[in-house]
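See structure below.
In this text the structure is predicted, and so the values were computed from the model without any measurement.
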Amino acid sequence: MPRLRESSSIVSKRLRQARLDAGLSQKELGILAGLDPFVASTRINRYEQDIHAPDQATALRLAKALGVPLAYLYADNERLARMIRAFSSLDATEQERLLKEIEPSNKSSA
């Protein structure tokens, strides 16, 4: 079970950072993600304090409300989290160009 706890801790950290970056209050984020306005602030606070973890459907709604990919919330290191956010902000053409540049060549796996 330590793995689950570690994962939720990552989500709580990423959720808080993305919310602050977006300039949203906990209540605003909760409402944007479709939570009941009367409990929105409390629910987001509990997610950020790592008291509870959002289920995958809720995490997806939170990510959409924050304008970040769901993968960002689960990125297990800071560099990867930054890469996910930066990559998702590129248009499809730029994403493909970057992938061609950084992916290992298939020629070397013969």
Side-chain angles (χ1 to χ4, degrees):
M1 286 289 253
R3 183 79 179 132
L4 178 61
R5 185 68 176 167
E6 180 181 315
S7 175
S8 67
S9 179
I10 290 166
V11 171
S12 66
K13 175 184 174 182
R14 302 268 178 251
L15 181 62
R16 178 171 165 44
Q17 186 60 56
R19 180 182 62 77
L20 293 174
D21 290 349
L24 295 171
S25 70
Q26 291 176 334
K27 184 172 186 168
E28 290 168 332
L29 173 57
I31 291 169
L32 285 173
L35 300 177
D36 182 319
F38 294 107
V39 299
S41 181
T42 302
R43 291 262 308 269
I44 300 302
N45 182 272
R46 288 180 178 165
Y47 295 152
E48 289 183 3
Q49 295 299 317
D50 201 19
I51 295 167
H52 296 292
D55 60 34
Q56 189 169 2
T58 302
L60 181 57
R61 290 194 314 271
L62 290 166
K64 284 184 179 183
L66 290 164
V68 298
L70 180 60
Y72 168 78
L73 295 179
Y74 293 95
D76 64 357
N77 71 62
E78 196 61 36
R79 187 174 296 128
L80 179 59
R82 289 175 40 216
M83 287 289 293
I84 290 168
R85 283 186 84 171
F87 185 82
S88 72
S89 70
L90 301 173
D91 65 34
T93 303
E94 278 297 301
Q95 287 178 349
E96 282 301 316
R97 183 196 63 74
L98 184 58
L99 283 172
K100 285 178 183 171
E101 192 173 311
I102 65 173
E103 284 182 323
S105 172
N106 289 335
K107 295 175 187 176
S108 64
S109 62

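Under the side chain to side chain contact (heavy atoms under 4.5 Å, CB included) criterion, Pro54 pairs with Val11, Tyr47, Thr58, Ala59, Leu62, not counting sequence neighbours. Residues satisfying the side chain to side chain donor-acceptor pair (under 3.5 Å) test with Arg16, not counting sequence neighbours, are none. In this structure, Glu28 has no salt bridge (charged side-chain N to carboxylate O under 4.0 Å, His left out) partners at least two apart in sequence or on a different chain. For Arg46, there are no side chain to side chain donor-acceptor pair (under 3.5 Å) partners, not counting sequence neighbours. Under the salt bridge (charged side-chain N to carboxylate O under 4.0 Å, His left out) criterion, Glu103 pairs with no residue, sequence neighbours left out. For Ala81, the side chain to side chain contact (heavy atoms under 4.5 Å, CB included) test picks out Arg14, Tyr72, Ala75, with sequence neighbours left out. Gln56 meets the side chain to side chain donor-acceptor pair (under 3.5 Å) test with no other residue; sequence neighbours excluded. Arg61 pairs by the salt bridge (charged side-chain N to carboxylate O under 4.0 Å, His left out) definition with nothing, not counting sequence neighbours. Shown here are the salt bridge (charged side-chain N to carboxylate O under 4.0 Å, His left out) partners of Glu96, two or more places apart in sequence or in another chain: there are none. For Arg97, the side chain to side chain contact (heavy atoms under 4.5 Å, CB included) partners at least two apart in sequence or on another chain are Glu94, Glu101.
A distance of 13.5 Å separates CG in Leu15 from CD1 in Ile10, rounded to the nearest 0.5 Å. Separating the CD1 atom in Ile44 from the OG atom in Ser12 is a distance of 12.0 Å, to the nearest 0.5 Å.
Side-chain contact between Arg85 and Val68: present, with at least one pair of heavy atoms (C-beta onward) separated by less than 4.5 Å. Counting heavy atoms from C-beta outward, Glu48 and Arg19 have side chains that approach closer than 4.5 Å.
Cluster annotation: Tyr74 is not connected to Met83 through the hydrophobic network of ILVMFWY side chains, with a link wherever side-chain heavy atoms come within less than 4.5 Å. Hydrophobic clustering of Ile, Leu, Val, Met, Phe, Trp and Tyr side chains at less than 4.5 Å, counting indirect connections, keeps Leu24 apart from Val39.
Between the side chains of Asp21 and Gln17, at least one donor N or O lies within less than 3.5 Å of an accepting N or O.
With a 4.5 Å cut-off between side-chain heavy atoms of Ile, Leu, Val, Met, Phe, Trp and Tyr, the cluster of Ile102 takes in Phe87, Leu90, Leu98, Leu99.
Nearest approach of Ser41 to Gln26, heavy atoms of both residues: O-OE1, 3.8 Å.
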Only distances under 3.5 Å count here; give the side-chain donor-acceptor pairs of residues 29-36 to other protein atoms, sequence neighbours excluded, each with its distance to 0.1 Å.
| unit_1 | atom_1 | unit_2 | atom_2 | d |
| --- | --- | --- | --- | --- |
| Asp36 | OD1 | Phe38 | N | 2.8 |

